[in-house]
Amino acid sequence: MSAVINEMELTLTQPAQTKMSDLFRQVDDNVQGVRVFATAGGCSGISFGMTFTDVINDDDGVLSFDGFKVIVDDGTLEYLRGVEIDFVDQDDGNATFVFNNLPQMGGSCGSCGSSSSGGGCS
């Protein structure tokens with residue numbers, strides 16, 4: 001059975017919630033939520049991304065909003081505790097989701113205060 005993620009573990013800003021709601025109105029009804037995942041890479045050694053998913057596994061945590069769910073597996077959640085997902089649109093065609101408050105993992109870049117959906121330093 002999946003666990004409930006609370007706002008101490010992961011939060012979404014209002015712009016991120018609004019954009020997620022917009023995106024979910026455009027996808028197939030069998031999509032269960034957006035999965036946040038971690039992969040090796042980026043200056044902290046870990047990059048984060050997001051993808052639509054139609055599966056919620058027993059070891060997933062779920063953060064529910066009106067109209068959509070954010071799904072995170074246990075392993076990824078360990079790296080995301082305290083992170084805020086924001087949506088930034090500069091009106092120049094470079095709109096993106098940004099991960100704020102990422103924990104420092106001892107990487108080689110000077111600072112990784114935020115990471116876009118593709119990971120890396122900003």
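This structure is a prediction, so every number in the text was calculated from the model and none was measured.
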Inset, instruction - Say whether, by atom type as modelled, one donor and one acceptor occur between the side chain of Thr18 and the main chain of Gln14 under 3.5 angstrom. - result: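 Confirmed, Thr18 side chain pairs with Gln14 backbone.
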
Legend entry - Donor-acceptor pair, side chain of Asp73 and main chain of Thr76, under 3.5 angstrom: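 Here the side-chain-to-backbone pair exists.
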
Rounded distance (nearest 0.5 Å) linking atom [atom1] of [X] with atom [atom2] of [Y]:
| X | Y | atom1 | atom2 | result |
| --- | --- | --- | --- | --- |
| Ser47 | Phe99 | OG | CZ | 10.0 Å |
| Asp74 | Asp58 | CG | CG | 10.5 Å |
| Thr96 | Lys19 | OG1 | NZ | 10.5 Å |
| Asn57 | Ile71 | CG | CD1 | 8.5 Å |
| Arg81 | Leu77 | CZ | CG | 4.0 Å |
| Tyr79 | Phe48 | OH | CZ | 8.0 Å |

May I ask you to test the [X]-[Y] pair for a side-chain heavy-atom distance under 4.5 Å?
| X | Y | value |
| --- | --- | --- |
| Val70 | Ile5 | no |
| Lys69 | Met20 | no |
| Leu80 | Glu9 | no |
| Phe65 | Ser21 | no |
| Gln90 | Asn94 | no |
| Val34 | Thr53 | no |

Inset, instruction - Mind listing the closest non-hydrogen atom pair of Val55 and Arg35 along with its distance? - result: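 Smallest interatomic distance, heavy atoms only, reads O-NH2, 3.0 Å.
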
Inset, instruction - Scan Phe68, Phe87, Phe97 and name whichever one has a side chain to side chain contact (heavy atoms under 4.5 Å, CB included) with Leu12. - result: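 Testing Leu12 for a side chain to side chain contact (heavy atoms under 4.5 Å, CB included) against Phe68, Phe87, Phe97 leaves exactly one candidate, Phe68.
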
Inset, instruction - Carefully, step by step, assess Val98 and Ile85 under the rule side chain to side chain contact (heavy atoms under 4.5 Å, CB included). - result: CA-CA 6 Å; Val98 177; Ile85 300 175; over 6 Å; no

Joint cluster assignment, [X] & [Y], ILVMFWY side-chain distance < 4.5 Å:
| X | Y | answer |
| --- | --- | --- |
| Leu63 | Ile56 | no |
| Met50 | Val62 | no |
| Val72 | Val31 | yes |

Legend entry - Over 12 non-hydrogen atoms of neighbours within 6.0 angstrom of CG in Asp29: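 No, because the 6.0 Å sphere around CG of Asp29 holds 12 heavy atoms or fewer from other groups.
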
